[in-house]
Amino acid sequence: MTAVKITPTKLSGVVQVPPSKSLAHRAIICASLAKGISRIDNIEYSKDIQATIKAMQSLGTKIEKYDDYLIIDGTTTYTKQNSEIDCEESGSTLRFMVPIAIVEENKAHFVGRGNLGKRPLNTFYEIFERQNIGYLYKEDILDLYVIGKLKPDHYKVPGNISSQFITGLLFALPLLDGDSIIEITSPLESKGYIDLTLQMLNQYGIKIVNNDYKSFIVMGKQEYQAHDYRVEADFSQAAFYLVAGAIGNDVVLTDLNLDSLQGDKATLEFLEAMGAKISVVSDGIKVTGENLAATIVDASQCPDVIPVVSVALALAQGKSDVINAKRLRIKECDRIIATRSQLNELGGTVTELPDGMTIRGVNEFTGGNCSSFADHRIAMMLAIAATRSSQPVVIDNMECVEKSYPNFWEDYQSLGGIIDVIDVEK
Ligand SMILES: O=C(O)C1=C[C@@H](OP(=O)(O)O)[C@@H](O)[C@H](O)C1
Ligand SMILES: C=C(OP(=O)(O)O)C(=O)O
């Protein structure tokens with residue numbers, strides 16, 4: 001593994017925001033379930049996206065990979081059984097693929113790495129128990145066998161553990177030979193991701209009845225229609241540069257769709273509430289800010305941007321609160337512990353709460369030796385924090401960004417970021 005030493009400097013320039021990982025997962029899956037040929041443009045081969053491509057190929061889908069697009073032929077999907085699915089560290093791939101893999105009778109083996117084996121799957125285990133679907137799993141590492149076939153049913157799914165369980169069912173249930181209902185048994189969090197799923201399903205010809213996010217009626221015997229699609233830019237990745245602008249860097253972001261349904265677009269609202277200014281410039285969007293004000297950030301609909309938004313809060317004037325953030329504890333790491341400990345390592349003053357943080361602003365960070373917690377979003381959060389540090393910032397495991405943004409360090413350098421790579425013994 002290698003560490004990166006960042007010499008603090010102001011970032012300046014234009015960055016094309018990489019494609020949305022969440023939308024890319026969805027487009028690849030929908031195109032793979034359609035009996036026909038689809039082209040998906042604006043693809044970046046992060047580890048998570050490669051996992052979903054390989055997962056669908058394990059079911060028999062023909063996927064041709066080109067520089068930045070895919071040609072997908074779903075005609076032969078479900079012609080292969082005994083699927084070996086390596087989810088890498090992708091919670092989306094895992095939760096989406098479990099229901100999809102058993103639309104037809106199958107024996108599927110799911111493996112993965114990192115923290116994935118520690119992330120909850122009980123929602124699916126309860127469905128398997130109810131439907132007599134065989135399953136065998138290990139604690140703490142992802143090594144899950146699922147044997148059987150998903151059935152039309154009245155599904156009861158909590159809305160506050162992961163929206164990904166609901167998305168996975170929404171992909172699979174239309175293909176069953178009967179109708180189903182998905183009842184959401186607790187207030188839905190990460191609702192924007194369900195909107196992305198419903199929008200994508202609609203583009204591929206699948207109709208879902210949405211009863212105000214309290215339940216979803218899914219008619220069976222539906223057929224996905226092949227559809228060409230271009231993946232729009234990722235607001236989860238844009239958040240790093242939006243915050244960078246708010247804390248004094250000079251970054252223009254291109255390719256963002258301001259009408260996007262992505263929940264992480266809320267980053268703009270958080271920064272505006274702190275007094276940052278958002279302007280549309282000739283080639284994109286720019287955020288500027290000074291003397292940012294403290295605010296209250298509700299994490300319930302946009303968990304992924306909280307680490308980097310916390311960088312802005314940690315440099316704001318006054319005391320901010322991050323609330324409804326409990327689910328940050330079940331991502332690639334416990335992101336409340338990681339954000340609190342690493343911003344405090346840099347001289348911040350962050351206090352941890354069971355479901356959030358209290359953050360008191362400082363004028364600037366001091367610099368220091370930090371841990372990425374092997375989490376791409378923590379590594380990228382620290383890289384943005386480094387632009388407002390008085391001393392260098394060292395971050396371990398710089399490779400972890402490949403999970404979602406393989407070109408992050410190149411883009412960071414293209415914006416003037418000064419990095420030195422440090423080889424650390426294995
Ligand atoms: O459906 C998706 O694409 C995602 C849903 C979110 O998970 P939760 O619904 O568990 O919050 C988010 O954290 C993840 O990065 C991507
Ligand atoms: C948690 C994330 O993704 P996933 O749930 O797909 O692992 C993420 O990208 O921050």
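Just so it is clear, the structure is predicted and the values come from calculations on it, not from any experiment. Both backbone and side-chain heavy atoms feed into the values below; hydrogens, waters and symmetry mates do not. In each ligand, atom 1 is the first atom listed, and ligand 1 is the first ligand listed.
- Taking 4.0 Å as the cut-off, E189 does not count as a neighbour of ligand 1 on heavy-atom distance.
- At a heavy-atom cutoff of 4.0 Å, ligand 1 is contacted by the side chain of F96 but not by its backbone.
- Contacts between P303 and ligand 1, counted as non-hydrogen atom pairs separated by less than 4.0 Å, involve the side chain only.
- Of all atoms in ligand 1, numbered sequentially from 1 with element shown, those under 4.0 Å from a heavy atom of S22 are 2 (C), 3 (O), 16 (C).
- Ring geometry for Y125 against F128 counts as tilted: the plane angle lies between 30° and 60°, on a 0 to 90° scale.
- Every pair passing ring pair (Phe, Tyr, Trp, His ring centres under 6.0 Å) that includes a residue from residues 214-241 is listed here, sequence neighbours excluded: Y204-H227.
- Remark: ligand 1 and R377 share no N or O pair separated by less than 3.5 Å (distance only, no angle test).
- With ring centers used as reference points, F96 lies under 6.0 Å from F171.
- Residue-ligand proximity: T167 is placed with every non-hydrogen atom at 4.0 Å or more from ligand 1.
- A side-chain contact (heavy atoms from CB on, under 4.5 Å) with F165 is found for one member of N122, L121, V98 and no other, namely L121.
- In this structure the side chain of E399 reaches within 4.5 angstrom of the side chain of M1, judged on heavy atoms.
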Which side-chain N or O atoms in residues 16-23 pair as donor and acceptor under 3.5 Å with protein atoms at least two apart or in another chain?
{"residue": "S20", "atom": "OG", "partner": "S22", "partner atom": "N", "Å": "3.4"}
{"residue": "S20", "atom": "OG", "partner": "L23", "partner atom": "N", "Å": "3.0"}

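- Around ligand 2, the residues contributing at least one heavy atom under 4.0 Å from the ligand are K21, E89, S90, G91, S92, R119, Q164, D304, K331, E332, R335, H376, R377, K403.
- A salt bridge links R329 with E352: at least one charged nitrogen is closer than 4.0 Å to a carboxylate oxygen.
- Look at H25 and you'll find every heavy atom at least 4.0 Å from all atoms of ligand 1.
- The side chain to side chain contact (heavy atoms under 4.5 Å, CB included) check on T75 picks up D73, with sequence neighbours excluded.
- Contacts between S92 and ligand 1, counted as non-hydrogen atom pairs separated by less than 4.0 Å, involve the side chain only.
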